[in-house]
Amino acid sequence: MSGEVSLETIVSLCKRRGFMYQGSEIYGGLAGTWDYGPLGTVLKRKILNLWWETFVGSRDDMYDIDSAILMNPKVWQASGHVDTFTDPLVECQNCHARLREDYIKDKKCPVCGKDKFSEPRQFNMMFKTNIGPVQDEKSISYLRPETAQGIFTNFKNVVDSFYPDVPFGMAQIGKAFRNEISPRDFIFRSREFEQMEIEYFVHPEEWEKAFEQWRKDIHKFLKALGLPADKVHELEVPDADRAHYSKRTIDFEFDFPIGREELLGLAYRTDFDLMNIQKASGKSMEYRPKDGGAPFVPHVIEPSFGVERAMMAVLSAAYTEDEVNGEKRAYLKLPADLAPVKVAVSPLLKNKPELADKAREVYKMLKKEFGAVMYDDNGNIGKRYRRQDEIGTPYCVTIDFDTLEDDTVTVRSRDTTEQKRIKIAGIITTMS
RNA sequence: GCGGGUGUCGUAUAACGGCUAUUAUCCCAGUUUUCCAAACUGGUGACGGGAGUUCGACCCUCCCCACCCGCACCA
């Protein structure tokens with residue numbers, strides 16, 4: 001059922017319930033930017049936490065990094081971004097196709113076959129900015145188009161501080177910026193987005209082994225996000241389509257409401273980045289094994305996730321419609337770890353002070369334990385259940401007249417709509 | 001960026017060159033309600049933005065912005 005959800009439904013729910021709003025909406029918006037609302041902020045944080053816990057916190061070979069968004073422009077020259085991001089594009093004057101000049105063979109448009117083109121124009125996918133008050137060529141810098149370079153530029157620092165055994169990884173969560181020509185499809189392609197990236201440094205001969213391990217670990221993580229395995233697909237990216245630095249890439253695609261699209265990438269970047277830095281900086285990137293083996297420049301496996309895409313996948317996978325008492329019900333079947341609200345507490349009737357007082361008491365107790373707890377006395381009880389369903393709250397605790405007698409409450413499950421009566425003292429263990 | 005389309009409360013909609021605009025739902029407050037969007041009362045809330053034409057523009061014209069569909073782009 002969730003497979004048929006339209007993007008529009010997701011966007012609408014996100015706005016109505018406070019997950020995502022269009023950026024600068026009150027001023028007419030700004031294309032390619034989105035703001036997280038209260039629930040979206042929490043959902044995002046939970047996705048980040050799950051990623052971090054899975055790939056960093058629970059391992060002993062990972063190192064955190066949080067590098068600056070503004071970097072020395074030499075970084076982007078060395079990485080190849082300045083060159084590859086500034087390819088001149090020409091426009092076919094017949095069919096208006098925009099093409100990289102170096103793609104055109106025989107001076108003919110590959111789309112329509114005609115041979116008249118406009119003058120080449122520079123397109124730069126990096127956001128330019130100026131550092132300091134004087135705006136000239138010397139002051140130009142860029143907002144990073146990927147977080148990866150912040151890791152590579154700190155490789156030597158981390159090796160010097162910790163001297164970890166290879167293989168080891170460096171992980172970073174942070175914003176990246178790309179001046180996309182046409183941002184589209186909700187948060188799928190935006191100009192400002194958040195990456196969760198790892199650069200995993202390996203011995204050159206060990207890359208395939210590490211690559212395969214990451215491949216498996218990624219599938220496990222996607223499962224933990226609640227993404228059904230039959231909607232996740234691996235795409236072996238052919239030579240011609242791979243990024244300039246990569247010798248092997250698998251795109252992990254997901255069946256989004258907009259179709260099958262890339263959710264994340266797993267790339268073997270070879271020693272491309274470290275070698276570039278070594279050449280550009282003159283500093284050695286060699287790693288000397290502690291066992292006295294031959295020094296080498298590590299190769300890199302890069303699993304690269306986008307938070308927005310992950311969130312869009314999570315939301316569209318979670319969206320479910322069914323029927324309760326003959327009426328349509330929409331709910332988010334979010335994994336309990338990800339639900340922005342873990343449990344909602346309600347008095348059965350809001351105008352009975354004794355129920356409301358008791359409900360407040362239970363609310364406070366659960367709030368202290370779980371944090372993500374909401375007190376809800378809007379409308380009537382059925383309405384509250386539906387509202388909580390729609391934001392993916394796994395449990396609703398209702399305080400009724402029996403509660404006052406015997407300290408029991410009903411715990412209602414989002415997925416089954418069934419209720420169990422349990423002792424207040426047992427709520428926490430039931431949900432943990 | 002190109003071509004086409006769209007733009008009225010959060011959502012879905014109605015009307016009109018002439019009282020700053022309809023209805024439903026949502027939302028908020030209250031009454032009520034002993035478990036799945038009940039009912040009743042009241043309330044907040046919109047013509048995407050800016051120019052122009054006009055005595056008067058949500059409506060006509062132009063520009064901008066945003067969104068949708070194609071194309072291209074997505075190292």
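The figures that follow rest on heavy atoms only: side chains count, while hydrogens, waters and symmetry mates do not. Chain letters run A, B, ... following the sequence lines, proteins first and then strands; every chain starts at 1. All values derive from a computational prediction rather than experimental measurement.
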Would you kindly check whether a donor in the side chain of [X] faces an acceptor in the base of [N], or vice versa, at under 3.5 angstrom?
X	N	answer
A/R184	B/G70	yes
A/S79	B/A75	no
A/E180	B/C74	no
A/Y385	B/C35	yes
A/R178	B/C74	no

Using the [atom1] atom on both, measure [N] against [M] and round to a whole Å.
N	M	atom1	result
B/A66	B/U31	P	46 Å
B/C64	B/U54	P	23 Å
B/C9	B/G50	P	16 Å
B/A14	B/U23	P	14 Å
B/G5	B/A29	C1'	42 Å
B/C74	B/A37	C1'	42 Å
B/U22	B/C47	C1'	13 Å
B/G48	B/G7	P	9 Å

Between [atom2] on [N] and [atom1] on [X], what's the gap in Å once rounded to a whole number?
X	N	atom1	atom2	result
A/F272	B/A75	CZ	P	13 Å
A/D389	B/A37	CG	C1'	10 Å
A/R189	B/G1	CZ	P	17 Å
A/D241	B/C74	CG	P	10 Å
A/I26	B/C9	CD1	C1'	14 Å
A/D251	B/A75	CG	C1'	13 Å
A/E418	B/C36	CD	P	14 Å
A/L13	B/C26	CG	C1'	13 Å

Of the listed nucleotides [options], the one nearest the side chain of [X]:
X	options	value
A/T417	B/A72, B/C28, B/C36	B/C36
A/T410	B/C69, B/C35, B/U11	B/C35
A/Q419	B/U34, B/C36, B/A66	B/C36
A/S182	B/C36, B/C71, B/C27	B/C71
A/R387	B/C27, B/A66, B/A37	B/C27

Practice item. Using heavy atoms and a sub-4.0 Å distance, could you list which residues of residues 397-405 of chain A are near RNA chain B? By number, please. Key: A/T398, A/D400, A/F401
Base, sugar-phosphate or nothing for [X]? Non-hydrogen atoms, less than 4.0 Å.
X	answer
A/Y245	base
A/N351	base
A/S346	nothing
A/S12	nothing
A/R412	base
A/Q22	sugar-phosphate
A/E25	nothing

Study note, to complete from the structure: By nearest-heavy-atom nucleotide on RNA chain B, the more 5' of A/E146 and A/L7 is A/L7
Revision key, fill the gap. Comparing A/R386 with A/R242, nearest RNA chain B nucleotide closer to 5' gives the residue A/R386
Exercise for review: Go ahead and write out RNA chain B as dot-bracket, 5' to 3': ( ) for pairs within the strand, [ ] for ones crossing earlier pairs, | when the partner sits on another strand, dots for unpaired; Watson-Crick or G-U wobble, both distances under 3.5 Å.
Suggested key: (((((((..(((.....[....))).(((((.......)))))....(((((..]....))))))))))))....
Practice item. Assert yes or no for the condition that the ring centre distance of A/F305 to A/F55 is strictly below 6.0 Å. Key: yes
Review point. Cationic tip of A/R309 within the cone over A/F188's six-membered ring, i.e. under 6.0 Å and within 45° of the normal?
Key: yes
Check ion pair [X]-[Y] (N to O, under 4.0 angstrom):
X	Y	result
A/E212	A/R215	yes
A/E236	A/R248	yes
A/D389	A/R412	yes
A/D400	A/R421	yes
A/E261	A/R184	no

Exercise for review: Decide if atom NZ of A/K247 counts as having more than 12 heavy atoms of other residues, nucleotides or ligands within a radius under 6.0 Å.
Suggested key: no
Review point. Does CD in A/E286 sit with more than 12 non-hydrogen atoms of other residues, nucleotides or ligands closer than 6.0 Å?
Key: yes
Review point. Are the side chain of A/R384 and the backbone of A/N378 linked by a donor-acceptor contact shorter than 3.5 Å?
Key: yes
Point to revise | A/F155 and A/F201 aromatic ring geometry - parallel, tilted or perpendicular at 30°/60° bounds | key: tilted
With a cut-off of less than 4.0 Å, is there a side-chain N or O of [X] near OP1 or OP2 of [N]?
X	N	value
A/R17	B/G10	no
A/N380	B/A38	yes
A/K383	B/C35	no

Review point. With A/I65, which of A/N157, A/T147, A/V158 fulfils side chain to side chain contact (heavy atoms under 4.5 Å, CB included)?
Key: A/V158
Point to revise | Closest non-hydrogen atom pair between A/A31 and A/P183, with its separation | key: C-CG, 4.1 Å
